[in-house]
Every structure is written in C-alpha cells, then in structure tokens.
Amino acid sequence: MCKQVAMFLKFKQQVVESLKDYGDERFLRDSEHADMSSTIAFKISKEEKRKPQEIAEEILEKVELKEYVGSVEALNGYINFFASYEFLEDTINFILDSDENYGSLDLKGDVLIEHTSANPDGPLHIGHIRNSIIGDTLTRIFKKAGFDVKTQYYVNDMGRQMALTVLGVERFGIDSNLKIDHAIANAYIQINRFLEENPELEEKVEDLMIKYERGEEEVCNKFREVVERALDGIKETLMNLNVKHDEYIWESEFIRNGYVDKVLRELDNNNLIRKNGAWILELNEFEKEVVLKRENGTTVYITRDLAYHMWKGEKFGRLINVLGSDHKLYGRQLSKILEILGLKQPEIVFFEFVSLPEGSMSTRKGKFISADELIFKLYDEAYNIIKDREFDEDEKRRIAKAVGTAALRYDFIRIAPEKPMTFDWKKALDFENTASYIQYSHARACSILRNAVKHGMPELEFVGEICSDVERKLVMLLSKFSYYVLRVVNELRPNVFAEYVMNVATTFNEFYRTHPVLKAESDYRMHRLAIVDATRIVLRNGLELLGIEALEKM
RNA sequence: GGGCCCGUGGCUUAGCAUGGAUAGAGCGACGGCCUUCUAAGCCGUAGAUCGCGGGUUCAAAUCCCGCCGGGUCCGCCA
C-alpha cells in the first residue's frame, strides 16, 4: 500500500522490519520520547518473568537499522526508534514534489457516504450540521485516501411530519420575507400547535399520507413543491458550510420503483412476516417487534429505508451512514434485517446530540438555533475583527466568510463524535485558538514565502544534519499526514485529523518564533524556507480536508 | 425498569480499541514579549482525588464488577 505515498507509514514499516521477529505492530506506540516506541519487552517480561529493561536490551542487540531508522535505544523497558536524516530529507522533498497531492493514499474501492438527511420541514439547526460536518469531512478524507466516494442526502419526504408540513403551508401560507426553509418551519410549527387544539385534523393527516403513498398526482405535486423549496433553503445553508451532496435521493422513490415491494416480498418468502392487519417482523434479539406495514396499508420509515439500502448496496462497495445516536437501536434493527436478507450492511457513524443549555432542540416546537443564524453571526464577528485592516471591502467580506465558516466547522469536528455537546453562544463566537489559528499559521507561512520571492531568494534546500530539535519535531509531524488520513479511514473518527492539523500549526508557530528564516545565513535560509514551504503545503492540504479555506492573507 | 453513550484542572478537550516512561492541549486567570519574516502570535506561572467504590496486575484514565450523575432509545413517528 505505501510505496512512496506515505512517509511516516514507511518509517513505521521499517521499524517493524528492523525489529524482525519482534516487529509486532500491536506493540508499537507513538511516543513523546521517540519517533516510535515498542512496548514488546513488557509483554515478554510478563511471560518470562524477567525485567523489561533486560529484555529490551537483548532485543536492541538484534535490531538492524534501516535507511529511515537512524538510531534506536532501550530505555526503561521501551525500545525507542528515531528517524534518520534521510527520512527527514525525503519527507521534505516528497512534500515539495507532491504539493497538492501530498497526504494521498492509494486505497481502492467505491464508497457511498450518506449524511445530513434532515427532514425537509425546516432549516438545518446546529444539531443537523454536526452530522453534515462529520459526513463531509469523512468524504474529503476518504477521497484523499484514494476511494471513489459519492455522497447522498436521503430525503424523508414521506413521513407524517411532511404531511403536516404540507397542511401547514396550505393553511398558514409562507412568509415571503423569510428564507424559504425558515418560512416552512414556521408553517410546520403553527400546524403542530393547531393540531393540539384540533385533534380532528389527524384524519386529514392520515388521508394525505395514504394518498401520497398511492401516488395521487395532485397530492404528489403539493408534497414535491414543499419538499423542494425546503431543500432549496437547506442547500443554501450547506453551501455556506462548504458541504455539497452528489445526489438527493427521495424516500418515496423506493415506493415507486418497486424496491419496497422487493424487500417485503423477500422477507415474506422467508416466512418472516406476521400479518394481522399490519405486517410485523419479529427479531429474536430485540424485544421490540418491527412494523413494516401499517393496518391501513401504508409503509413505515424502516421499510423504505431497507429498500434504499438494498438499492445502495447494489451500486456501491462500502456504505457509510452518519446518524444521530438516537438512531442506534434503529440502526441495529436495520442492519439485522439486511443481514437476514443477505444484503450489504452499512457502517454507521453515530454522533451524540448537540443540545442547548436549556435542553434538547425540536423543530416541531420551534426550539432550535438555526445553522443560518450561527453562520451569519460568525461572519459578523469575523468581519469586526478585520474591519480596520488594509484590505478592500470585498476582500474583507471574503476573509470574514472563510474565517467564520472555518470556526464553525472546526468547533464541531474537533470533538469526538460520541461526546455530547452543549451549545454555547459565547464559545461558538470566539475565534481564539480555533480554526483561525490554523488559517493564520498558513497565512504566515505564505507571507514568509512571498517575502522570500520579493527579495529574490526563493531557493529551497533542506539539510537533515542541520535540523534543530524544533525543526525535527515539525518535520516528523509533517510526515504523519497520511498516517492520520489512514486512521480516520479505519476508525471513522475525523476529530483525530482536526487535532493533527492543529498540532502542525502549533509546532510551526514554535518554529517561527525561534527560527528567523529570511534573516538567516544562506544555507540555513534555504533549509528553513524548505520547511516553511512544506508546512504551508501540509496546512493547506489539511485545511482542505477539513473543508476550510486556506487563506493566503488575513 | 431495560439497552446504548458520556463523566479527565474553573470551562472545553486528547489519551481508553492494543494497560506501561512525569495524564497532553486549548480557553479563562496571573506575569512577561511588537525598532526583527503577519501580536488572529509567542514565552512563563498557578491550576487534575482522570465521577465514586471495589477488583485484576509488577503496573490502571485505559481491563472487570458495583454504584452515582447527565444524555438518549425502547411508537402501526421519522
């Protein structure tokens, strides 16, 4: 897999080889004391009841250094490996040569990532965009890893909430002063309130659902119009987040194209469905039975979703869904049924909820903070910071937008998906030490390079031997780009990549403070310029994977 | 009630899969640094019973058991 495509992975591979019989990857660790550490001596110590350090020293005798493995030591039972000058030099040169391709892997396969998929009954709120940002970041990283990736937004156009939305729009109209998805949410909130006081409306809701499922033209037109308009608003929001889906797949499509019937038929053929009015499936390992068809003959969400997965599975090698953790049980049931049918199961990335200090959000109750509101407040905040700088007005707007979007994306992606988040306006609008820090570091690197060119000294020449500790630390970090790409692909935790990019920026700033570049003697200047340029490339490519614009000036 | 997730300095968080070297960052606080390549920056100081209690181990934030607190699910909703 890693020919010349992944520097640090290559180093790791050579560490494994240098350890020969002891080269077990499971005992290799990242370390603050070395470029790579093996804990194998502790393992053996347990079996042989001898001191770890003694064993480590014995193993050390047998270690054979490699091109990239420059030195090795046995310390406190650890076997510590250090990269060679060749490794540092090859890393920098490889980054400079690869440029925008640096960090790529050559993994193969096609992947479908489904994410966001919020009901089109209102605008995206700050919970939905956690989904969008995780999904979009995974998409970018999977592409970098070499996969052929497509993204889909699964549009839930069939549910009860859509019937209500249609009725709401009909009864209360649409406020044309508002962004369209917000206007639709208002109608949806009003009809919910109305329904509480007029329960007899329930009949109309059911009637509408039945007609839509049957495909009555007039009803279909009504649904289509409302859904499409809501999606227009949602797409606009996603665009501001640098998120774009390849396809929008409507749930109702699977009623019309026969896949729902196909799924039901297959389950029925296996005698798995109990029919007593409703169609019910019992799954032994869940105490809950699954309804696939209501007594009135209409299907439910999971029935259509099964059909969607059957369809997806036929077209793509690997399926990834990003879902809120409230769907955990649902996801397991869905997977179980797909398994029974011998169909491809999705890998599901669950993320915990974003809640408000006063509790959880609800579109229906109108209790939510919309993504749009947050986005525009961030633009304003960012604009205020730069309003007095020497940029023209358009450039200020552009920078404010890039910085605002970056802060938002980074704040969401940096947190491990399984951690619950509580939204806090003050923190959300704080630009200190977040994505803008990384953007700033990138702009700083660009600025040094611009000045170098301006003063006619653009030559780059990295020399391993003259590396200081900080330079070495920075170059080692730069070499790990694809190592983190691979980790995200394996672990489906994009937050580890966000942390990596931040580390690069932090270390670069440390370097910046202590290592004058343009004022240095010619050898050192060329050496450091090479480091600056390589860092610039890593930061730019890293930001790209986070869906954040790498500004050259700010 | 049962299932799943979370609980690490005042706040946010990494590390937990595969147990090992002084628990790593950031914000906030305090004190410093702009005649030097972008101060959206840098340096330093203070601040942690890793929710609690047991257990396994030479070694536990990490594994096991019990508990506490928070979230979430358990619809002929989506």
Side-chain angles (χ1 to χ4, degrees), chain A residues 24-34 37 39 41-43 45-46 49 51-52 75-78 80 117-119 121 156 158-162 251 277-280 286-296 298-302 304-305 324-330 332 350-353 355 359-360 382 385-386 389 403 411 414-422 424 426-427 430-441 443-452 454-455 491 495-496 499 502-503 506 509-510 512-520 525 528-529 532 553-554:
Chain A
D24 189 332
E25 276 201 44
R26 285 175 305 166
F27 301 106
L28 253 30
R29 301 277 184 276
D30 291 332
S31 169
E32 53 188 302
H33 306 279
S37 253
T39 56
F42 292 101
K43 174 71 177 171
S45 136
K46 189 166 195 162
K49 306 253 179 244
K51 290 207 169 83
L75 187 65
N76 303 334
Y78 294 84
N80 289 332
S117 304
N119 294 334
D121 55 14
N156 306 141
M158 291 208 68
R160 212 185 98 86
Q161 91 287 343
M162 273 327 299
E251 192 184 2
W279 290 26
I280 290 166
F286 304 98
E287 43 195 83
K288 196 189 113 185
E289 48 190 27
V290 178
V291 174
L292 295 167
K293 234 180 193 183
R294 301 183 182 95
E295 258 181 73
N296 70 13
T298 57
T299 56
V300 295
Y301 182 75
I302 195 167
R304 277 112 52 181
D305 206 13
S325 64
D326 55 333
H327 284 66
K328 271 191 175 173
L329 175 61
Y330 172 82
R332 267 191 285 137
F350 291 106
F351 65 93
E352 284 293 330
F353 270 38
S355 53
S360 50
I385 293 172
I386 56 164
R389 303 204 180 171
V403 168
D411 265 347
R414 57 183 261 268
I415 312 280
E418 69 272 14
K419 297 269 190 182
M421 293 175 75
T422 305
D424 178 336
K426 201 166 153 252
K427 285 177 190 153
D430 182 11
F431 288 93
E432 292 294 307
N433 241 290
T434 164
S436 46
Y437 176 89
I438 304 171
Q439 287 175 304
Y440 185 75
S441 306
R444 193 174 239 179
C446 290
S447 170
I448 294 172
L449 293 162
R450 269 197 309 271
N451 284 326
K454 201 161 71 188
H455 296 112
E491 299 170 29
N495 56 302
V496 307
E499 199 198 355
M502 179 61 86
N503 276 336
T506 305
N509 280 322
E510 200 181 333
Y512 173 84
R513 185 183 64 87
T514 47
H515 295 66
V517 178
L518 301 178
K519 292 198 175 67
R525 188 184 67 234
R528 288 176 187 170
L529 273 173
V532 172
K553 289 180 186 173
M554 59 188 283

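Every chain is numbered from 1, with letters handed out A, B, ... down the list of sequences. Note that these values count all heavy atoms, side chains included, but never hydrogens, waters or copies made by symmetry.
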message: Ignoring hydrogens and geometry beyond distance, is a side-chain donor-acceptor pair present between A:N156 and A:R304 at under 3.5 Å?
response: no
- request: Identify whether any heavy atom of A:P420 sits under 4.0 Å from a base atom; if not, whether one sits that close to sugar-phosphate; answer base, sugar-phosphate or nothing.
  value: sugar-phosphate
- prompt: At under 4.0 Å between heavy atoms, what does A:I386 touch on the DNA or RNA strands: base, sugar-phosphate, or nothing?
  reply: base
message: Students often get this wrong, so: under 4.0 angstrom with heavy atoms, is A:S37 touching a base, only sugar-phosphate, or nothing?
response: base
- prompt: What nucleotide, of B:rC76, B:rG15, B:rC73, holds the atom closest to the side chain of A:A278?
  reply: B:rC76
- request: Just call it for A:R160: base, sugar-phosphate, or nothing, with non-hydrogen atoms closer than 4.0 Å on any strand.
  value: sugar-phosphate
Short side-chain N/O contact from A:N80 to OP1 or OP2 of B:rA21, under 4.0 Å: no
Watson-Crick or G-U counterpart of B:rG75, or none if no pair lies under 3.5 Å: none
- prompt: What is the nucleic acid contact for A:H515, judged by heavy atoms within less than 4.0 Å: base, sugar-phosphate only, or nothing?
  reply: base
- prompt: So what does A:E295 hit on the nucleic acid, given a heavy-atom distance under 4.0 Å: a base, only sugar-phosphate, or nothing?
  reply: base
query: B:rA61 pairs with which nucleotide, Watson-Crick or G-U wobble, both distances below 3.5 Å?
result: none
- request: Identify whether any heavy atom of A:F350 sits under 4.0 Å from a base atom; if not, whether one sits that close to sugar-phosphate; answer base, sugar-phosphate or nothing.
  value: nothing
- prompt: Are the aromatic ring centres of A:F42 and A:Y78 under 6.0 angstrom apart?
  reply: yes
- prompt: Under 4.0 Å: is that the gap between some side-chain N or O of A:R444 and OP1 or OP2 of B:rA39?
  reply: yes
message: Looking at A:R294, I'd like to know whether one of its side-chain N or O atoms comes within less than 4.0 Å of OP1 or OP2 on B:rG75.
response: no
field: Selected nucleotide, minimal atom distance to A:E510 side chain, candidates B:rA78, B:rC43, B:rU38
entry: B:rC43
- request: Select one nucleotide: of B:rC4, B:rG15, B:rU72, the one nearest the side-chain heavy atoms of A:K328.
  value: B:rC4
Ion pair check, A:D24 and A:R26, cut-off under 4.0 Å: yes
query: Counting any heavy atom closer than 4.0 Å, what does A:R525 reach on the DNA or RNA strands: base, sugar-phosphate only, or nothing?
result: nothing
message: Taking the minimum atom-to-atom distance to the side chain of A:K46, which one of B:rC74, B:rU36, B:rA59 wins?
response: B:rA59
- line: With syn meaning chi within 90° of zero and anything else anti, the base of B:rC11 is anti
- request: With C1' as the reference atom in both, quote the distance from B:rG7 to B:rA48 in angstrom, rounded to an integer.
  value: 14 Å
- request: Could you pick out which residue, A:R29 or A:V403, lies toward the 5' side of RNA chain B when each is mapped onto its nearest nucleotide?
  value: A:R29
- prompt: Across the strands shown, which category fits A:K293 at heavy-atom distances under 4.0 angstrom: base, sugar-phosphate, nothing?
  reply: nothing
Proximal nucleotide (of B:rA17, B:rG71, B:rA40) relative to the A:E491 side chain: B:rA17
- prompt: Which residue, A:A34 or A:L518, contacts RNA chain B at a nucleotide closer to its 5' end, judged by nearest heavy atom?
  reply: A:A34
- prompt: Under 4.0 Å between a side-chain N or O of A:R389 and OP1 or OP2 of B:rA40?
  reply: yes
- prompt: If you check every side-chain atom of A:H33, which of B:rA40, B:rG41, B:rA21 has the closest atom?
  reply: B:rA21
message: By the 4.0 Å heavy-atom rule, please label A:S31 as base, sugar-phosphate, or nothing.
response: base
query: Does OP1 or OP2 of B:rG7 have a side-chain N or O of A:K419 closer than 4.0 Å?
result: yes
- prompt: Checking all strands, does A:S447 fall into the base, sugar-phosphate, or nothing category for heavy-atom contacts under 4.0 angstrom?
  reply: base
field: Sugar-phosphate only, base, or nothing, as touched by A:Y330 at under 4.0 Å among non-hydrogen atoms
entry: base
- request: Please work out if A:A452 contacts a base, only the sugar-phosphate, or nothing of the nucleic acid, heavy-atom cut-off 4.0 Å.
  value: nothing
query: Considering only B:rC4, B:rA21, B:rU38, which nucleotide approaches the side chain of A:L75 most closely?
result: B:rA21
query: With a centroid cutoff of 5.5 Å and a plane-angle limit of 30°, would you call A:Y78 stacked on B:rA21?
result: yes
- prompt: Base, sugar-phosphate, or nothing: which does A:M162 touch, judged by heavy atoms less than 4.0 Å apart?
  reply: nothing
- request: Output the single nucleotide from B:rC5, B:rC76, B:rA39 whose closest atom is nearest the side chain of A:Y440.
  value: B:rA39
- request: Just compare B:rA40, B:rA14, B:rU12 and give me whichever is closest to any side-chain atom of A:K427.
  value: B:rU12
- prompt: Watson-Crick or G-U wobble partner for B:rG9, using a 3.5 Å limit on both distances?
  reply: none
message: Check this one for me: any side-chain N or O of A:Y301 less than 4.0 Å away from OP1 or OP2 of B:rA78?
response: no
